[in-house]
Amino acid sequence: MQPNLATREASAPAPFVCQRVSKLKPDGSAIKCLFSDESSLTLSRFLAGFIHPLDQIEFSPAAADPDRELRVVQSTSRRPKELYFAPIGYVTQPKPDKRDEYFARAAVTDGRLGVRHVHLPNEAVRDYFYFSNRRRPGCEEQTLYDLLRTVPSAGSVSLRLAFKVRLLELQADAAPKDQLQAVERAFNLLAHPDLRSCYQALLLDPDAPAMFPYGGFGALLAAGELSADRETFFARKILSFLPDRREWRFRAPLRKIEFFEDYAVYRDSRRKAEVILDSISLPLAFDSTWNQWRHLIGTKVGVAATFVKSGKYRHRGGEWHLVNWETALPSRLKITLPADVQEGLTNARSKHHRFGQFFDAIQAIRLRLEREALDRRELARICDELRIPSDFDIAQISWKPDYDSFYYKQLWKRTRTMFLFRDEYIFELERATVVEVPQQGHATYVFSRPANLDQWVRAYARVAKDDIRQNRANAAEQLGFLGRVMHGRNPRTWLRELRAKIGEPVDYSLAVETP
């Protein structure tokens with residue numbers, strides 16, 4: 001059974017017109033389509049290249065960009081009869097129809113001509129994305145591996161090396177732009193594990209399901225026919241697809257990278273970003289064993305890439321919801337490592353080894369922390385009794401894989417006394433008491449500083465966060481609750497609000513390193 005998708009009612013389409021082209025006139029870098037009623041529509045030279053005099057064009061003159069969605073009915077039967085150009089959103093995974101032939105469906109975004117979906121037959125997706133190089137004379141049997149001058153068994157490193165060498169060769173030969181683009185497209189398909197697997201299946205069986213790369217989102221130009229109810233355009237051939245893209249730079253924690261033998265994947269549910277890596281783009285000798293201790297790595301790497309929009313469905317509340325993500329193009333990815341990356345990796349391995357060496361003792365402490373809060377001095381004494389070395393970082397006992405050291409470090413350098421309780425850190429500051437879960441999606445709870453911290457901690461351990469927020473049984477009043485500071489997207493904002501909340505002078509010129 002297909003899942004029920006959460007949808008919203010589509011608004012009625014805006015009025016549109018159908019005009020017959022009488023003349024095409026150059027207009028700078030564009031082309032102006034002149035109509036018989038002396039009105040006109042300016043199009044890009046690319047789009048205008050598919051239009052001829054006597055063709056009819058449907059568009060919405062009331063739209064801010066009338067050329068954003070077009071339907072063209074061509075005047076001659078020697079060319080495809082209808083063309084449709086529109087922005088599309090998510091493209092579904094391929095599925096079989098009643099004839100067991102695969103197809104995908106693209107959602108039209110902000111459509112004004114009444115079209116809601118584009119029906120994409122499997123061969124249209126396959127021929128445009130995976131077999132496009134075969135349209136060139138003499139290349140009918142050429143594979144993407146041939147295009148990169150590598151072999152199907154090439155690993156991710158060999159694949160990137162082949163791509164770099166091939167680009168250099170083409171640039172040295174002053175090759176046409178379309179050849180450079182073809183090589184880049186081939187690499188972006190083969191460097192993505194899911195798309196490469198799809199291509200391998202198509203090489204064995206051309207009728208195998210063809211995934212729409214990266215899930216759609218962009219400007220689609222297709223040839224085909226409009227359905228009688230005008231809600232679906234049945235494409236026979238994809239003529240062009242330009243994905244929505246943007247340049248993006250940020251710093252990514254290594255602990256969020258999942259390592260495999262031949263490649264690695266960074267996924268960040270907060271940023272909604274995905275990056276496919278190899279040991280050239282991420283110049284570290286990694287393997288899958290790194291997943292055992294990666295949550296202990298505090299190092300962050302710089303990411304700079306061209307990202308394309310993509311989509312993922314998530315099941316929440318009994319319904320499927322589309323969540324927009326962005327995926328980095330492997331060909332336009334640059335990773336920068338900090339100078340101390342090797343030191344961070346060595347420390348993480350050492351911590352992992354120590355946790356294993358003293359696993360039973362540390363687990364006993366964690367079980368006790370589920371029942372009561374313990375301050376740092378008491379924890380040091382317990383560790384000594386259990387023969388855990390004195391240089392062991394006690395804060396690591398409660399550390400979780402998704403914790404961000406930024407929040408912890410900012411509070412630790414201000415603290416007088418620290419308690420561990422369950423998955424929380426309780427800090428006694430100069431003018432306040434703070435409870436922290438150093439993780440995105442959480443908040444910092446700020447309380448007035450009590451006269452007796454031990455009694456306050458015992459009282460806090462008996463109430464729930466929800467009781468504090470709603471002041472149930474006067475819990476907030478008794479604990480001196482001052483409010484929360486949310487972990488937003490910008491840590492600078494969090495630190496500025498925290499300093500104001502704890503009564504510390506705010507330095508608005510403070511430069512804080514963002515994650």
Side-chain angles (χ1 to χ4, degrees), residues 2 79-84 88 90-107 117-156 158-159 162-163 166 178-218 220-225 232-243 262-263 276 308 310-311 327 329-331:
Q2 293 291 328
R79 299 190 302 274
K81 192 173 181 180
E82 295 182 27
L83 304 179
Y84 183 61
I88 62 168
Y90 180 73
V91 178
T92 63
Q93 296 292 310
K95 56 184 179 181
D97 59 17
K98 294 179 180 178
R99 297 173 296 176
D100 285 332
E101 295 178 353
Y102 287 98
F103 74 96
R105 176 170 287 188
H117 301 99
V118 179
H119 180 281
L120 298 167
N122 198 61
E123 58 269 22
V125 177
R126 177 200 65 199
D127 292 348
Y128 181 79
F129 291 106
Y130 298 94
F131 290 174
S132 60
N133 55 306
R134 296 186 173 188
R135 294 198 297 265
R136 299 174 60 191
C139 299
E140 291 79 4
E141 300 297 322
Q142 186 187 58
T143 69
L144 298 182
Y145 298 105
D146 296 333
L147 196 60
L148 293 174
R149 295 186 179 175
T150 187
V151 294
S153 60
S156 61
S158 298
L159 200 65
F163 167 63
R166 192 73 188 105
D178 64 327
Q179 290 189 32
L180 294 168
Q181 290 175 337
V183 168
E184 185 176 8
R185 282 196 299 268
F187 176 68
N188 284 333
L189 287 171
L190 297 178
H192 192 291
D194 293 342
L195 298 179
R196 184 174 182 176
S197 177
C198 174
Y199 180 64
Q200 295 282 78
L202 288 169
L203 289 179
L204 296 173
D205 177 9
D207 294 324
M211 293 173 57
F212 198 102
Y214 299 100
F217 296 93
L220 176 73
L221 175 63
E225 297 83 27
T232 303
F233 187 84
F234 287 90
R236 289 190 288 107
K237 183 179 181 180
I238 297 174
L239 301 176
S240 173
F241 177 71
L242 182 64
D262 191 44
Y263 66 96
I276 308 295
V308 294
S310 58
T327 303
L329 291 176
S331 64

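- Between the side chains of Thr143 and Asp146, at least one donor N or O lies within less than 3.5 Å of an accepting N or O.
- In the displayed structure, Arg134 atom CZ is contacted under 6.0 Å by more than 12 heavy atoms of other residues, nucleotides or ligands.
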So Phe217 and Phe241, side chain to side chain contact (heavy atoms under 4.5 Å, CB included) or not? Walk me through it. CA-CA 9 Å; Phe217 296 93; Phe241 177 71; 5.7 Å; no
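- Rounded to the nearest 0.5 angstrom, Phe131 CZ and Arg126 CZ are separated by 6.0 Å.
- The shortest non-hydrogen separation linking Leu190 to Tyr199 is CD2-CD2, 3.7 Å.
- Within the 3.5 Å criterion, the main-chain N or O of Leu144 finds no donor-acceptor partner in the side chain of Tyr130.
- Going from atom CZ of Phe233 over to atom CG of Leu220 covers 9.0 Å, rounded to the nearest 0.5 Å.
- Listed for the Ser310 side chain is no donor-acceptor partner under 3.5 Å among the backbone atoms of Gly215.
- Residues Tyr214 and Pro243 are not in side-chain contact: their nearest non-hydrogen atoms beyond the backbone lie 4.5 Å or more apart.
- A pairwise comparison of heavy atoms in Lys81 and Arg236 identifies N-NH2, 4.4 Å as the closest pair.
- Ala191 and Ile276 get closest at one heavy-atom pair: O-CG2, 3.4 Å.
- In this structure, Met211 CE and Leu189 CG are separated by 10.5 Å, a value rounded to the nearest 0.5 Å.
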Under the side chain to side chain contact (heavy atoms under 4.5 Å, CB included) criterion, do Val151 and Tyr145 qualify, and how do the steps go? CA-CA 6 Å; Val151 294; Tyr145 298 105; over 6 Å; no
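- Between Arg166 and Leu147, the shortest heavy-atom distance links the atoms NE-O, 3.4 Å.
- Screening His192, Arg185, Glu184 against Asn188 for a side chain to side chain contact (heavy atoms under 4.5 Å, CB included) leaves a single residue, Glu184.
- Classified by interplanar angle (parallel below 30°, tilted 30° to 60°, perpendicular above 60°), the ring pair Phe212/Phe129 is perpendicular.
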Tell me, with the steps shown, if Glu101 and Asn122 meet side chain to side chain contact (heavy atoms under 4.5 Å, CB included). CA-CA 7 Å; Glu101 295 178 353; Asn122 198 61; over 6 Å; no
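- With rounding to the nearest 0.5 angstrom, the CG atom of Asn133 is 11.0 Å from the CD atom of Glu141.
- By the neighbour-count criterion of 12 heavy atoms within 6.0 Å, atom CD of Gln181 is densely surrounded, having more than that number from other residues, nucleotides or ligands.
- Smallest separation of non-hydrogen atoms from Ala106 and Leu120: CB-CD1, 4.2 Å.
- Of all non-hydrogen atoms in Cys198 and Ala210, the two that sit nearest each other are SG-CA, 3.8 Å.
- Using bins of under 30°, 30° to 60° and over 60° for the plane-to-plane angle, the ring pair His119/Phe103 lands in the parallel bin.
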